[in-house]
Protein chains: 2
Amino acid sequence: MARKIKLSDIAEALGVSTATVSLALRDSGLVAATTRDRIKDFAREIGYIYNRRAASLRTSKSGLVGVLVQDIINPFYAEVLHAIELELDRSGHTFLLSNHNDDLEKQRRGLETLLQLGADGVIISPAIGTPASEIEMCEKNGMPVVLVARTVDGVKVPSLRGDDAFGIGLATNHLISLGHSRIAFIGGTDETSTGRERYRGYRVAMKSGGLPDRADWRIEGPRTKRAGYDATEAFLALPDRPTAAVCWNDLVAIGLMNGLAHTGRTPGVEISVTGYDDLSEAEIAMPPLTTVWNGQSVVGERAAKALVSRLRGLESAKPAEMIRPVLRVRESTGVPPAGL
Amino acid sequence: MARKIKLSDIAEALGVSTATVSLALRDSGLVAATTRDRIKDFAREIGYIYNRRAASLRTSKSGLVGVLVQDIINPFYAEVLHAIELELDRSGHTFLLSNHNDDLEKQRRGLETLLQLGADGVIISPAIGTPASEIEMCEKNGMPVVLVARTVDGVKVPSLRGDDAFGIGLATNHLISLGHSRIAFIGGTDETSTGRERYRGYRVAMKSGGLPDRADWRIEGPRTKRAGYDATEAFLALPDRPTAAVCWNDLVAIGLMNGLAHTGRTPGVEISVTGYDDLSEAEIAMPPLTTVWNGQSVVGERAAKALVSRLRGLESAKPAEMIRPVLRVRESTGVPPAGL
DNA sequence: AAAACGCTTTTAAACGTTTTAGGTCGCCGC
DNA sequence: GCGGCGACCTAAAACGTTTAAAAGCGTTTT
């Protein structure tokens, strides 16, 4: 590979100064149109590559936005990310993706790397147990933060997420109105803000429906298909076996439905199951899954917009915003089997 | 936010030169242990943040590695990415993820951004129709490339992928040995190297089993669950309806199985279905999916290793490497129904 | 004739590191 | 008392941009 071409090479070849070249390449009105075209044509011709590190050293803007989530494999995040990417593309930012797997140390390293790279801002779904100080550290160093999907107590940065308690309430009430009275809650953990909200939503709905919210009908666990599948046995062994299960998310629900099917039971007939998120997969699951749309596209889009507006210096008006979830009734829920 | 702290701030406060600080922070043996500790302690105390842009401007090493794939939502890539990340982490590189959705223009922008950022190298699963010149452009500009999952004709960079023709042969032969003679091929496209290889593998297996490889038993399409689901109708309407389907990947296979289930058929009994990839999901699908492990973890790991060794200046010995796939027999395949 | 003006271009400093090529100092052996 | 050595430290240039300030220049105004 030949030595890298730089502004001064162009300047020299064309008999102008680097300042002119720099301005011309950025379409500044300060340089004459003919000069500009001559410079741009020549630059293209010799394959000049703009050096962002040098530029950003000078301007202290990098055009980079970090995005840190728990797990990029989770389709919920994948949908959020897709929306974020679309929006950041539009505003000319490059996005730098990483996952932290709920590992605080890994998250810290990720944020530090972003700081070192001079990222203009970061959108993060914080790991379990993230202290407010971690977020403040970023802000203090001039890297604005926007939170998605989860929140951190005691931090005053924009935060975009679905109204989990309300959403789970929709699913629970739907089951109650079908006639179920024994309803389990499967998957997830109380360690996240999301977790506490969802479980709370379930308990509130149960209580306000005059039903027991028995702690022994709660099965905690990871938030994957595999976890839902693995919970099947525990679910079937529950005391006064419930006739329905409110699942943490669609993945758990689909895993559970597969598990039930493997034991010869038909989800939606013998056992009703609800999911959460409304992944694109929910509709074609077997049976199609009753679930709650969690606004992932809206969350992603607004988060990106909130960050971009902070970058432009317009402090975002609303520090936190809740997206209202929507119930999607399909075939995984039905009336409880006769004779209970 | 206060002005950013830099080396010279530390140097000044401690009455040493920036050179000493720079060396000390990087644990150079050139500075006395006591000085080093004093500097490092002070740096930590005042919250110094290393400026990588400035450093890399000087060293022309960025520590960044770009990873460009078709679609991060696809769990196949997700598993490859996971392996890559693990490996790059180990070698101290930061990875910069992007997807191109098989859009050549988007891929070009992605590569250009990486070049501008001074990425040390890139691991890419090239978009459909990527010309060799695109890859060469990167190489020419000092950014080494490693290909994963797909390859580009006429390019001499390391390339890591599964042996698709062989793998699909395993699945097809498995069906033939169960007694199936009418076998469809569902999903994918001939536009990628992978596509051509898989279809070729199917045809070779059919022919060598003495069976017809009818072109009208091929249903092309996207490589998603939804596409598999949507192909159900077309599959059921195929002339001399096949008793089995070799699917492009697990996603298509699971979609098809769900589709078949929705029409009241039992996959694995009335219709045998094979997948490809052996995603973690395959095992808990309903029914558990017979599929072919595509070596995604191995592909990712070796790709990262190949790139790292190129970065270290040891040109990788083998330019292309094929991972040998493995058949995993589960319950989605069985003997054809009696009376055909 | 000088001043003012508009348009275009240039000069030169700055951004925060790394690294080369010394410099200083104390000590040793003579 | 000097040369040499080792250990530690530093001055200064370099990396490739951007940008504030200034300058050049041809025309017009005063």
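Letters A, B, ... mirror the listed sequences (proteins, then strands); counts begin at 1. Below, all heavy atoms of this structure are taken into account, side chains as well, without hydrogens, waters or symmetry copies.
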Chemist: Identify every side-chain donor-acceptor pair in residues 7-15 of chain A under 3.5 Å, counting partners at least two apart or on other chains, and give the distances.
Modeler:
| residue | atom | partner | partner atom | Å |
| --- | --- | --- | --- | --- |
| A:Asp9 | OD2 | A:Lys6 | N | 2.8 |

Chemist: Of all nucleotides in DNA chain C that come within under 4.0 Å of a heavy atom of chain A, which is furthest toward the 5' end and which toward the 3' end?
Modeler: C:dT8 to C:dG16

Chemist: With sequence neighbours excluded, give me every salt bridge (Lys or Arg N to Asp or Glu O under 4.0 Å) pair touching residues 21-34 of chain B.
Modeler: B:Asp27-B:Lys40

Chemist: Report the nucleotide, chosen from D:dT17, D:dA12, D:dC9, that has the shortest atom-to-atom distance to any side-chain atom of B:Thr20.
Modeler: D:dC9

Chemist: Has A:Arg26 got a side-chain N or O lying under 4.0 Å from the OP1 or OP2 atom of D:dT18?
Modeler: yes

Chemist: On DNA chain C, does the nearest nucleotide to A:Gly29 precede the nearest nucleotide to A:Ala19 from the 5' side, or the other way round? Give the residue.
Modeler: A:Gly29

Chemist: Which residues pass the side-chain contact (heavy atoms from CB on, under 4.5 Å) test with B:Lys106, sequence neighbours left out?
Modeler: A:Glu85, A:Asp89, B:Asn99, B:Asn101, B:Asp103, B:Arg109

Chemist: Please work out which residues in residues 54-65 of chain A have a non-hydrogen atom less than 4.0 Å from an atom of DNA chain C and list them by number.
Modeler: A:Leu57, A:Arg58

Chemist: Taking side-chain hydrogen bond (donor to acceptor under 3.5 Å, both in side chains) as the definition, give me every residue that meets it alongside B:Thr130, ordered by chain and number, with sequence neighbours left out.
Modeler: B:Gln107

Chemist: Give the residues of residues 31-47 of chain A touching DNA chain D, defined as any heavy atom closer than 4.0 Å, sorted by residue number.
Modeler: none

Chemist: Sequence neighbours left out, what passes side-chain contact (heavy atoms from CB on, under 4.5 Å) with A:Thr151? Give chain and number order.
Modeler: A:Leu147, A:Ser159, A:Arg161, A:Ser193

Chemist: How about A:Thr194 and A:Arg150: does a side-chain donor come under 3.5 Å of a side-chain acceptor?
Modeler: no

Chemist: If I take atom CG in residue B:Leu30 and atom P in nucleotide D:dG6, what distance separates them, rounded to the nearest angstrom?
Modeler: 14 Å

Chemist: So, using side-chain hydrogen bond (donor to acceptor under 3.5 Å, both in side chains) as the criterion, who are the partners of B:Thr192 when residues are at least two apart?
Modeler: none

Chemist: Would you check if B:Arg310 and B:Val157 make a side-chain contact, meaning some heavy-atom pair closer than 4.5 Å?
Modeler: yes

Chemist: Could you tell me the separation between the CZ atom of A:Arg53 and the P atom of D:dT17, rounded to a whole number of Å?
Modeler: 10 Å

Chemist: With sequence neighbours left out, what residues match A:Ala55 under side-chain contact (heavy atoms from CB on, under 4.5 Å)?
Modeler: A:Tyr50

Chemist: Mind grabbing the angle between the end helix axes of the helix from C:dA1-D:dT30 to C:dC30-D:dG1? Five pairs an end, 10° rounding.
Modeler: 70°

Chemist: Provide the closest heavy-atom pair for B:Val152 versus B:Pro126 in the form atom of the first, atom of the second, distance.
Modeler: CG2-CG, 3.6 Å

Chemist: In whole Å, what is the span from the CG atom of B:Leu23 to the P atom of D:dA11?
Modeler: 13 Å

Chemist: Are side-chain heavy atoms of A:Arg53 and B:Leu117 found at a separation under 4.5 Å?
Modeler: no

Chemist: Sequence neighbours left out, what passes salt bridge (charged side-chain N to carboxylate O under 4.0 Å, His left out) with A:Arg312? Give chain and number order.
Modeler: none

Chemist: Under 3.5 Å, is there a donor on one side chain and an acceptor on the other for A:Thr20 and A:Ser17?
Modeler: yes

